[in-house]
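In what follows, residues are counted from 1 in the order of the sequence shown. In what follows, every heavy atom counts, from backbone to side chain, and hydrogens, waters and symmetry copies are set aside.
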Amino acid sequence: MSSSPTSHLITTSEQLQALFDAVGAASIKKEVPYIHPHYQAMIVASPFAVLATRGPDGLDASPRGDAPGFIVVEDEKTLLLPERRGNNRVDSLRNILFDPQVALLFLIPGVGETLRVNGKASISVEPALLDRFAVDGKAPKCVLRIAVDTVYFQCARAIIRSHLWQSAGEKTPGLPSPGTILAALSNAEVDGDKYDRELPARQRATLY
């Protein structure tokens with residue numbers, strides 16, 4: 001007699017935790033409640049991000065892209081995201097009116113690590129702000145002002161597995177390495193040089 005599909009569902013936190021090893025110290029240290037200068041460098045280098053929102057009809061994930069640095073770091077707790085022309089569905093904007101919580105996933109061509117930002121967004125049509133983001137004389141319809149709650153980088157395993165970049169190991173010049181970021185955010189509790197040295201082998205060994 002075959003088992004029911006529901007007999008293999010994970011339904012408790014205890015069951016879920018039993019599937020995985022303990023969280024490593026580096027995974028905790030890399031999360032901070034502000035935009036660290038190393039994280040700012042990643043945002044400035046990124047030409048593409050995915051914006052996640054939640055509304056009355058459920059969840060939405062929407063691509064956002066422009067020249068690198070198109071999402072501006074106003075200060076260590078604030079991001080500015082211009083709303084460029086799209087399909088006029090404005091799903092993300094409608095969702096923000098319902099629930100201001102948002103998440104951003106930044107990608108950088110050729111870089112395995114991605115950057116994750118969680119925060120709360122508001123929609124501004126302040127004339128000076130719109131003018132600031134004008135390109136070729138065309139201002140955005142509005143600008144999202146995102147108050148940052150948490151920021152952390154995601155390891156490169158997903159990018160390596162997907163072969164998203166044909167040269168995932170080549171870093172954009174001037175960006176900090178994962179070890180450099182972790183050493184800075186942990187006040188050197190994490191050995192950054194050791195982390196970077198061991199990272200490629202660790203990623204290869206733990207892709208699956």
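At a cut-off of 3.5 Å, with distance as the only test, a side-chain donor of R157 or T206 sits close to an acceptor on the other residue. Between S13 and Q17, the side chains place no donor N or O within less than 3.5 Å of an acceptor N or O (distance only, hydrogens not considered).
Hydrophobic clustering (side-chain heavy atoms under 4.5 Å, transitive across Ile, Leu, Val, Met, Phe, Trp, Tyr) groups L199 together with I181. In the hydrophobic clustering of ILVMFWY residues, with side-chain heavy atoms under 4.5 Å counting as a link, L97 and L81 come out together. Hydrophobic clustering keeps I146 apart from L130 (ILVMFWY residues linked when any side-chain heavy atoms are closer than 4.5 Å, directly or through intermediates). I43 and Y34 fall within a single hydrophobic cluster, where Ile, Leu, Val, Met, Phe, Trp and Tyr are joined by side-chain heavy atoms under 4.5 Å apart, directly or via other members. With hydrophobic clusters built from ILVMFWY side chains whose heavy atoms lie under 4.5 angstrom apart, I123 shares a cluster with L79.
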### Task
Test K29 against L185 for side-chain contact (heavy atoms from CB on, under 4.5 Å), laying out the working first.
CA-CA 6 Å; K29 295 294 184 181; L185 298 182; 5.5 Å; no
### Query
Would L107 and L115 satisfy side-chain contact (heavy atoms from CB on, under 4.5 Å), going step by step from the backbone distance to the final call?
CA-CA 7 Å; L107 286 84; L115 188 71; over 6 Å; no
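The neighbour count for R132 CZ, taken as heavy atoms of other residues, nucleotides or ligands under 6.0 Å away, is above 12.
Ionic pairing of K120 and D149 is present here: one or more N-O contacts between side-chain nitrogen and carboxylate oxygen are shorter than 4.0 angstrom. Using a 4.0 Å cut-off between charged side-chain N and carboxylate O, E83 and R64 make a salt bridge.
When atom types are taken as modelled, the side chain of T180 and the backbone of P176 share no donor-acceptor pair closer than 3.5 angstrom. Without hydrogens or angle criteria, K77 side chain to V148 main chain gives a donor-acceptor distance under 3.5 Å. Without hydrogens or angle criteria, Q15 side chain to T12 main chain gives a donor-acceptor distance under 3.5 Å. Looking only at distances, no side-chain donor or acceptor of D136 sits under 3.5 Å from a matching main-chain atom of K138. Listed for the T78 side chain is no donor-acceptor partner under 3.5 Å among the backbone atoms of D75. With hydrogens and angles ignored, the 3.5 Å screen pairs a side-chain donor or acceptor of W165 with a backbone N or O of V111. For D196 (side chain) and G179 (main-chain N/O), a donor-acceptor pair under 3.5 Å exists by modelled atom type. The closest donor-acceptor contact from the side chain of K30 to the backbone of F153 lies under 3.5 Å. A donor-acceptor pair under 3.5 Å is absent between the side-chain atoms of S27 and the main chain of V23, judged by distance alone.
Cation-pi geometry between R84 and F70 is not met: the NZ or CZ atom fails to fall both under 6.0 Å from the ring centre and inside 45° of the normal.
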